[in-house]
Amino acid sequence: MLMREYISIAQQGIRQLSQRGRRVLFMYFASMVAIAGLDGIALFLLSKLLAPGFTTGNSNAATESNLKFLAMILALFVLRSALSTLVGWVSVKEFAQQEVELGQRRMEFIHAAPLETRLALNESDFFTAVDRAPSTLINGYIIPVVNICIEFITGLVVIGVVLVFQPLTAIVALSYFALVAIVQHKFLSASQARTGEILLKNGNAAYDLLADYFHMNKLLQVNESKTFDSSLRLQRTEFARARAIQGFTVSLPRYFMESSLALGFLVVAGATWLLLGEAEVVPALAIFATAGFRMLPIVNRIQGQVLSAIGCIPIARQALLPITARVKNDWQTSMKGPVDSR
């Protein structure tokens, strides 16, 4: 799937929100970007503290100055975490309300639809249209896309601070982290997209069979069906396996965090030694360690959010498609172009 299709789905999804929902989403984005500035200030002070010759003169005075800087840096990091938590908590309640409202609008559309349309829907179509799809669109796609943008801007702030003190380190670090993200995306995104399709197809198939079992419970107790049992087990097995793979794939980037950071030290040390000389290696590594403390988690969070959003696309698209479209054909029809159900 091309990037413009990702953007198109996000744009259509945002249009599904109410005016208040779009306003809260914008305020969430703006607040988190502003809070990212605290990261920049803290890293600027920490980089200045690590710079050679920052403190001179009396050793006691230098130690006292360093402790004040460290206390200020620690306070900024704690304040950033506290403000991020507060903004997230305030916003998440509104996002939950938007999920409810979208589901209610879809249910009202079904209620007003012709009788033949309502009769054509089975249980899985109905639950997907009014519950699974709205929830996945908002919490599984729109919010991760917004968080990706926030994390990207935060990463630019961190790289910008490093650029002031160590331009070469900043350029090497940016290139290295970008390469790590591209490689991870290349190997994991295709698998996650396939898993998302399986979650939609086998999830609905499993729910249909469970609904059939519920309605035919008494009959099946009298006359057991081995074919039915085997079909239900197969669909649930595929569905459960896809959910497990999706969770594992999203968490996979963090397993490589330590090795990526260690390799990054080697890359920065080698580039600095070749271009600036041996004397600049230690200061460059100190700055890279400071930046890596923030950058590598940012890269991993971005990658995790991207993979999560890709895996949610097939189900999220159901909140954008006309309810009359059957789920088994929605994935093929949705790939032909943007569809807005309004």
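Side-chain atoms of Gln318 come within 3.5 Å of backbone atoms of Pro314 as a donor-acceptor pair (strictly under, hydrogens ignored). Side-chain atoms of Ser91 come within 3.5 Å of backbone atoms of Val87 as a donor-acceptor pair (strictly under, hydrogens ignored). Although no hydrogens or angles enter the test, the distance criterion places a donor-acceptor pair under 3.5 Å between the side chain of Thr154 and the main chain of Ile150.
Taking Phe26 as the reference, nothing meets the ring-ring contact (aromatic ring centres under 6.0 Å, His included) condition, with sequence neighbours excluded. Annotation: ring-ring contact (aromatic ring centres under 6.0 Å, His included) contacts of Tyr176 (sequence neighbours excluded): none. Scored by the side chain to side chain donor-acceptor pair (under 3.5 Å) test, Ser18 finds Gln98 as partners (sequence neighbours excluded). Applying the side chain to side chain contact (heavy atoms under 4.5 Å, CB included) rule to Glu238 yields the partners Asn202, Leu234, Arg241; only residues at least two apart in sequence or on another chain are considered. A search for salt bridge (Lys or Arg N to Asp or Glu O under 4.0 Å) contacts involving Arg20 returns Glu94, not counting sequence neighbours.
Identified under the salt bridge (charged side-chain N to carboxylate O under 4.0 Å, His left out) test for residues 142-161, with sequence neighbours left out: Glu151-Arg301. Residue pairs meeting the salt bridge (charged side-chain N to carboxylate O under 4.0 Å, His left out) criterion with at least one partner in residues 166-184, sequence neighbours excluded, are absent. Within the structure, every pair that satisfies the side-chain hydrogen bond (donor to acceptor under 3.5 Å, both in side chains) test and touches residues 136-148, not counting sequence neighbours, is listed here: Tyr28-Asn147, Glu99-Asn139. Listed by first and then second residue, the salt bridge (charged side-chain N to carboxylate O under 4.0 Å, His left out) pairs involving residues 23-41 are Asp39-Arg80, Asp39-Arg294 (not counting sequence neighbours). A salt bridge (charged side-chain N to carboxylate O under 4.0 Å, His left out) check over residues 132-149, counting only residues at least two apart or in different chains, returns nothing.
In the hydrophobic cluster analysis, where Ile, Leu, Val, Met, Phe, Trp and Tyr join through side-chain heavy atoms closer than 4.5 angstrom, Leu38 is grouped apart from Val157. A continuous path of hydrophobic side-chain contacts links Ile302 to Val33 [ILVMFWY only; heavy atoms under 4.5 Å]. In terms of hydrophobic clustering, with Ile, Leu, Val, Met, Phe, Trp and Tyr side chains grouped at heavy-atom distances under 4.5 Å, Phe265 and Leu275 are assigned to a common cluster. Residue Ile7 is grouped with residue Val146 when hydrophobic side chains (ILVMFWY) are merged at heavy-atom distances under 4.5 angstrom, including chains of intermediate members. Under the 4.5 Å side-chain heavy-atom criterion for ILVMFWY residues, no single connected hydrophobic cluster contains both Leu163 and Phe44.
Under a cut-off of 6.0 angstrom, the local environment of CZ in Phe127 is sparse, with at most 12 non-hydrogen atoms contributed by other residues, nucleotides or ligands.
Taking the side chain as every heavy atom from C-beta outward, Tyr6 and Ile313 approach each other to under 4.5 Å. For the pair Phe239/Lys201, no side-chain contact is recorded, criterion being any heavy-atom separation below 4.5 Å from C-beta on.
Tested against Leu74 for a side-chain contact (heavy atoms from CB on, under 4.5 Å), the candidates Leu76, Val78, Leu70 yield a single pass: Val78.
In this structure, Val90 belongs to a hydrophobic cluster whose other members, linked by side-chain heavy atoms under 4.5 Å apart, are Leu86. Cluster partners of Val92, using a side-chain heavy-atom cutoff of under 4.5 Å among ILVMFWY residues and allowing indirect links, are Trp89.
Atoms CD1 and CZ, from Ile9 and Arg317 in turn, are 4.5 Å apart once rounded to the nearest 0.5 Å. Taking CD1 of Ile298 as the start and CD1 of Ile153 as the end, the distance is 11.5 Å to the nearest 0.5 Å. Here the CZ-CG distance, from Phe77 to Leu43, works out to 4.5 Å after rounding to the nearest 0.5 Å. Distance check, rounded to the nearest 0.5 Å: CG of Leu79 to OG of Ser84 gives 9.0 Å. To the nearest 0.5 Å, atoms CD1 (Ile142) and CG (Leu137) are separated by 4.0 Å. Distance CG/Leu276 to CG/Leu168: 5.0 Å, rounded to 0.5 Å.
Considering all non-hydrogen atoms of both residues, Ala10 and Val145 come closest at CB-CG1, 4.3 Å. Shown here for Val172 and Ala271, the closest heavy-atom pair between the two residues is CG2-CB, 3.8 Å. Closest approach of Ala42 and Ile73 over heavy atoms only: O-CG1, 3.9 Å. Shortest non-hydrogen contact noted between Thr128 and Pro134 is O-CD, 3.7 Å. Pro144 and Ile138 make their closest contact through CD-O, 4.3 Å (heavy atoms, listed as atom of the first residue, atom of the second, distance). Looking at every heavy atom in both residues, Ile198 comes nearest to Ala242 through CG2-CB, 3.6 Å.
Side-chain contact, Ser231 with Gln235: no donor N or O sits under 3.5 Å from an acceptor N or O.
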